[in-house]
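Reading through the structure tokens given below for one structure.
These values consider heavy atoms only, across backbone and side chains, with no hydrogens, waters or symmetry-generated copies. Computed from a prediction, not measured in an experiment: that's the story for all the values here.
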Amino acid sequence: MTEPFEPLPARPAATVMLIRDAPGGLKVFLMRRHSKMEFAPGTMVFPGGGVDDRDRNAEIAWAGPPPSWWAERFGIESGLAEALVCAAARETFEESGVLFAGPVDDPHGIVGDASVYGDARRALADRTLSFADFLRTENLVLRSDLLRPWANWVTPEAERTRRYDTYFFVAALPQGQRADGDNTESDSSGWAWPRDAIADFEAGRNVLLPPTWTQLDALAGRTVADVLAVERQISPVQPLLEKRGDNWVFEFFDSDRYHAARQAGGAMEWPL
């Protein structure tokens, strides 16, 4: 009989699906989490991470839809929405080098080469610099209009390591910028067609958790313009994680298809 337990609190987090058009359909930027990571090691993920205290009440330079707009789309309060957009932009820059920002004096301008801010990127990653201070020092403004709201997934209550209340964003790679995956949390990265990433999962060549698998499935076969034009109805999804025999099984709205792919690839063990 399973002993009752108190679920861990779910920490707010943001993740960004970077997309770009390519022959045959859009590609998405994916990273593989380092095998020594405490949470979900070896899984394929999009850039992202937890909301930092300094993402809240940051007095950040901002252009594009205001926090109230994001709050309405995600069904949350405005302060959390502001922190999530800030975290989305910060984590994407830290983990991939892609920066959703432009000059303060040009409301339509976008940074063309974010690599010139390499020192700031490293300082952000080691938490010696806040994103708001970085933008202020470089006379930049966060371009929230480059992001779109996409989904909201909550880690199952059965997870004992850590839990996240993760808000998914989607964004096109800004012209002139490149994603490099140069960070301490992943050991490989690159652009992939969503269908190829799903096929690799079915063949046992990678590991996809339900949120990542589901978003890849939703992106497959679309163009960047298609995706950015979508008006998503966003509701929280929290899978049930339960043990059946020797395996842990996720239950959610599309779990039958997910488990068929998971079983084909032999990735039935959990924790990974």
*asked:* Checking Leu80 against Arg56 for the side-chain contact (heavy atoms from CB on, under 4.5 Å) test, could you report, in this order, the C-alpha distance in whole Å, the side-chain angles of both residues, the deciding distance, and whether it holds?
replied: CA-CA 7 Å; Leu80 176 57; Arg56 301 178 184 272; 4.1 Å; yes
_Quick one, Val170 and Phe168 - any side-chain contact, counting heavy atoms below 4.5 Å?_
no
*Passes side-chain contact (heavy atoms from CB on, under 4.5 Å), Phe46 versus Thr92? Steps please.*
CA-CA 9 Å; Phe46 310 111; Thr92 302; over 6 Å; no
*Test item: His259 side-chain N/O and Val249 main-chain N/O as donor-acceptor pair under 3.5 Å*: no
_Checking the side chain of Arg148 only, and the main-chain atoms of Leu228 only, is there a donor and an acceptor separated by less than 3.5 Å?_
yes
*List the steps and the verdict of ring-ring contact (aromatic ring centres under 6.0 Å, His included) for Trp213 and Tyr258.*
CA-CA 8 Å; Trp213 177 87; Tyr258 173 77; 5.5 Å; yes
*Given side chains that start at C-beta, do those of Arg32 and Thr43 come closer than 4.5 Å, heavy atoms only?*
no
_Tell me if the CG atom of Asp254 is crowded by more than 12 foreign heavy atoms within 6.0 Å._
yes
*Does any non-hydrogen side-chain atom of Glu95 lie less than 4.5 Å from one of Met31?*
yes
_Charged tip of Lys27 within 45° of Trp193 ring normal and under 6.0 Å_ = yes
*Could you tell me whether the side chain of Gln238 and the main chain of Trp153 form a donor-acceptor pair under 3.5 Å?*
no
*Look at the side chain of Asn183 and the backbone N and O of Ser186, then say whether any donor-acceptor pair between them is shorter than 3.5 Å.*
yes
*Are any of the side-chain heavy atoms of Gln177 and Leu99 separated by less than 4.5 Å?*
yes
_Within the 4.5 Å heavy-atom criterion, are Arg11 and Arg162 side-chain neighbours or not?_
no
*Out of curiosity, does Val237 fall in the hydrophobic cluster containing Leu240 (side-chain heavy atoms, cut-off under 4.5 Å, transitive links)?*
no
*Can you tell if the side chain of Phe131 reaches within under 4.5 Å of the side chain of Arg54, non-hydrogen atoms only?*
no
*Spell out, as yes or no, whether a donor-acceptor pair under 3.5 Å connects the side chain of Asp200 to the backbone of Asn206.*
no
_Check for me, please, whether Tyr167 and Val154 land in the same ILVMFWY cluster - side-chain distances under 4.5 Å, paths through other members count._
no
_Just so I know, are the side chains of Leu26 and Pro194 near enough to count as touching, which here means a heavy-atom distance under 4.5 Å?_
yes
*Determine, step by step, whether Phe100 and Phe93 satisfy the ring-ring contact (aromatic ring centres under 6.0 Å, His included) criterion, reporting the C-alpha distance in whole Å, the side-chain angles of both residues, the deciding distance to 0.1 Å, and the verdict.*
CA-CA 8 Å; Phe100 303 118; Phe93 183 45; 9.8 Å; no
*Answer yes or no: is there a side-chain heavy-atom contact under 4.5 Å between Trp191 and Leu30?*
no
_Is it the case that the side chain of Thr214 and the backbone of Pro210 share a donor-acceptor pair, with hydrogens and angles ignored and the cut-off at 3.5 Å?_
yes
*asked:* Tell me whether Glu159 contacts the main-chain N or O of Thr161 through its side chain, where contact means a donor paired with an acceptor under 3.5 Å.
replied: yes
Under 3.5 Å, which donor-acceptor pairs link side chains of residues 67-74 to any protein atom two or more places apart or in another chain?
unit_1, atom_1, unit_2, atom_2, d
Trp70, NE1, Pro65, O, 3.3

